[in-house]
Amino acid sequence: MGYSLKPTLDKDLVTQCQYLSAENWKNALKDDDDYILREVVAYNTRLFNGFRKIDQWNRDSLNGITFWVLQDENGTTASSCETLVRPSYVIRGKGNGESKVIESVSPCFASVYTPPAFRGKGQATRMLKGVVERLEEVYKADPDVFIALYSEIGRFYEKLGFTFFDVDILKIHAGVQDQIVVDQEEKYSVVKITKSEECGEIVSHYDSLVLDDAKERCSRDQITRILYKPTVDILEWMFTRAAFIGCKANSEEIEYQFGVKILENDKTVGYVTWTYDHLEKSVDILFIHFNDINIFKLLIKKVLLVLEVLHYDHVSIWESQLFDHKYPVSAEHLENLLKSIRAERGLKNPSLSAAKFFKGEEFIWEENTKWPWF
């Protein structure tokens, strides 16, 4: 039997496939219709741009979300997935202790699904190989494009040439905020963040921070680095998605908070943004930065207060978020604070990250944390 693979944004076909895969991906949502509505909300974000008009599939038209469908000769869907193309950086060594930054765009796989009748027959592998080949053809003139994914099914994608990266998670459980003592807390002003539009300053600073870190490391060891570019559009998608799921899963309309900014004498000295996992009852940290350990204490304390209001269980942080950055705080001070509030360290991450260059190349994934997740 022959199979055909095609990219599509056809509303009827995409919706049909999403209903098939709802059992896998609806998570905290209670029914399939809510899952479809969640996807409509996501497709309307700037990052996804999922209702754009496509005259011809090419490099430019692939920017944003694209649905890929593998069908048999009867037009029955045998497997499907999405790709999200978004801004990225590649940092390469130039020799003599220097490095250069190349800005590009890079795709990420997600939502791989095979209907029960087609499982165990290699259809997902057939589809993914086909998508990679199509993307290789589109980006063949650009050596600075990589492809990434987050896997909930182990290291399945290694056979497709992906390199996996293990990143542990740490959890800070609710109820420990009273054990965190912030020196002179009254001298700080705290600004709540409820919308992505309030995050322009944060994103600009964070982008510079992670890029400078990556450039310095590449200059030192001359090993190529890859990373996605932090953008306000990513936060818009994350915030919009979490607010929609929260209101549906918890059966109430509330205004969710998605971060705080700490000011001292009207100057930003720290910030944190987050999203929610309403199934796990957790707050998941996205961007975080602090000028000293006291600011870090205040940030964590404010996140824990949000947990208390929602009656949620824990704060989740990818350990790379704290220990792969250059903060003006030693790792020892961070570890001592986490130990004092009985944070759980070294927990297995259920979402394995993986990436590859189309033509194969040694690299290190910088800023492999929660916020690039898709």
Side-chain angles (χ1 to χ4, degrees), residues 3-54 57 61-72 74-86 107-119 121 123-128 130-132 134-135 147-153 156-157 233-234 236-251 275-280 350-351 373-374:
Y3 292 87
S4 62
L5 174 69
K6 65 178 181 181
T8 184
L9 285 176
D10 178 80
K11 184 177 180 180
D12 291 338
L13 180 55
V14 169
T15 301
Q16 178 189 31
C17 292
Q18 288 171 339
Y19 268 116
L20 289 173
S21 63
E23 61 173 295
N24 275 31
W25 306 120
K26 63 185 177 183
N27 295 325
L29 294 171
K30 295 170 184 174
D31 58 52
D32 294 356
D33 288 340
D34 284 344
Y35 170 70
I36 301 303
L37 285 173
R38 187 198 81 180
E39 293 303 280
V40 170
V41 168
Y43 273 50
N44 270 304
T45 62
R46 294 186 299 271
L47 181 68
F48 277 34
N49 191 20
F51 297 106
R52 63 193 185 275
K53 301 297 183 183
I54 306 297
W57 287 103
S61 63
L62 282 169
N63 289 339
I65 194 79
T66 302
F67 215 88
W68 297 80
V69 182
L70 180 73
Q71 294 178 316
D72 67 14
N74 298 317
T76 304
T77 297
S79 197
S80 63
C81 72
E82 294 171 312
T83 54
L84 178 65
V85 177
R86 49 187 162 162
C108 186
F109 272 126
S111 304
V112 177
Y113 179 77
T114 302
F118 289 93
R119 291 175 188 169
K121 301 176 182 180
Q123 301 300 354
T125 300
R126 182 198 303 269
M127 176 193 63
L128 291 168
V131 175
V132 170
R134 295 282 288 273
L135 293 174
I147 186 167
L149 59 86
Y150 294 84
S151 171
E152 278 77 38
I153 56 172
F156 169 82
Y157 300 95
D233 289 355
I234 289 174
E236 182 208 15
W237 167 62
M238 288 274 194
F239 295 176
T240 302
R241 180 180 186 275
F244 177 86
I245 296 173
C247 291
K248 292 291 184 179
N250 298 324
S251 300
T275 186
Y276 296 91
D277 185 328
H278 298 288
L279 187 64
E280 296 293 325
S351 189
W373 173 88
F374 168 56

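Values reported hereafter were calculated over all heavy atoms of this structure, with side chains retained and with hydrogens, waters and symmetry mates removed. If you read the sequence from its start, that first residue is 1, and numbering goes on from there.
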Worksheet item: Of V131, T66, I147, which meets side chain to side chain contact (heavy atoms under 4.5 Å, CB included) against P107?
Response: I147
Identify the heavy atoms of [X] and [Y] that sit nearest to each other, and give their distance.
{"X": "Y3", "Y": "A78", "result": "CE2-CB, 3.9 Å"}
{"X": "T77", "Y": "F118", "result": "O-CE1, 3.5 Å"}
{"X": "C17", "Y": "V69", "result": "SG-CG2, 4.0 Å"}

From [atom1] ([X]) to [atom2] ([Y]), nearest 0.5 Å:
{"X": "Q71", "Y": "L13", "atom1": "CD", "atom2": "CG", "answer": "5.5 Å"}
{"X": "M127", "Y": "S79", "atom1": "CE", "atom2": "OG", "answer": "3.5 Å"}
{"X": "Y43", "Y": "K11", "atom1": "OH", "atom2": "NZ", "answer": "12.5 Å"}
{"X": "D31", "Y": "D34", "atom1": "CG", "atom2": "CG", "answer": "4.0 Å"}
{"X": "T15", "Y": "D10", "atom1": "OG1", "atom2": "CG", "answer": "8.5 Å"}
{"X": "L9", "Y": "R52", "atom1": "CG", "atom2": "CZ", "answer": "5.0 Å"}

Donor-acceptor pair between [X] and [Y] side chains, under 3.5 angstrom:
{"X": "T83", "Y": "W68", "answer": "yes"}
{"X": "Y35", "Y": "N27", "answer": "no"}
{"X": "E236", "Y": "T45", "answer": "no"}

Please answer whether the main-chain N or O of [Y] pairs with a side-chain N or O of [X] as donor and acceptor at a distance below 3.5 Å.
{"X": "R134", "Y": "L5", "value": "yes"}
{"X": "Y113", "Y": "C81", "value": "no"}
{"X": "H278", "Y": "A249", "value": "no"}

Worksheet item: Taking the six-membered ring for Trp, are F239 and F244 ring centroids under 6.0 Å apart?
Response: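 No, the ring of F239 stays outside the 6.0 Å limit from the ring of F244, centre to centre.
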Would a 4.5 Å heavy-atom cut-off, applied to side chains only, mark [X] and [Y] as touching?
{"X": "K248", "Y": "K30", "answer": "no"}
{"X": "N49", "Y": "N63", "answer": "no"}
{"X": "I234", "Y": "L47", "answer": "yes"}
{"X": "L84", "Y": "F109", "answer": "no"}
{"X": "W373", "Y": "M238", "answer": "yes"}
{"X": "F374", "Y": "W237", "answer": "yes"}
{"X": "E152", "Y": "W25", "answer": "yes"}
{"X": "Y157", "Y": "L149", "answer": "yes"}

Worksheet entry | salt_bridge(K26, D32) N-O dist < 4.0 Å |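 Yes.
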Item to complete: Any chance you could lay out the side-chain contact (heavy atoms from CB on, under 4.5 Å) test for D33 and L37, step after step, and finish with the verdict?
Response: CA-CA 6 Å; D33 288 340; L37 285 173; 5.6 Å; no
Discussion item. I'd like to know whether R38 forms a side-chain contact (heavy atoms from CB on, under 4.5 Å) with Q18, so could you lay out the CA-CA distance, the side-chain angles of the two residues, the decisive distance to 0.1 Å, and finally the verdict.
Written reply: CA-CA 11 Å; R38 187 198 81 180; Q18 288 171 339; over 6 Å; no
Item to complete: Go through the steps to decide whether S111 and E82 satisfy the test side-chain hydrogen bond (donor to acceptor under 3.5 Å, both in side chains), and finish with yes or no.
Response: CA-CA 6 Å; S111 304; E82 294 171 312; 2.8 Å; yes
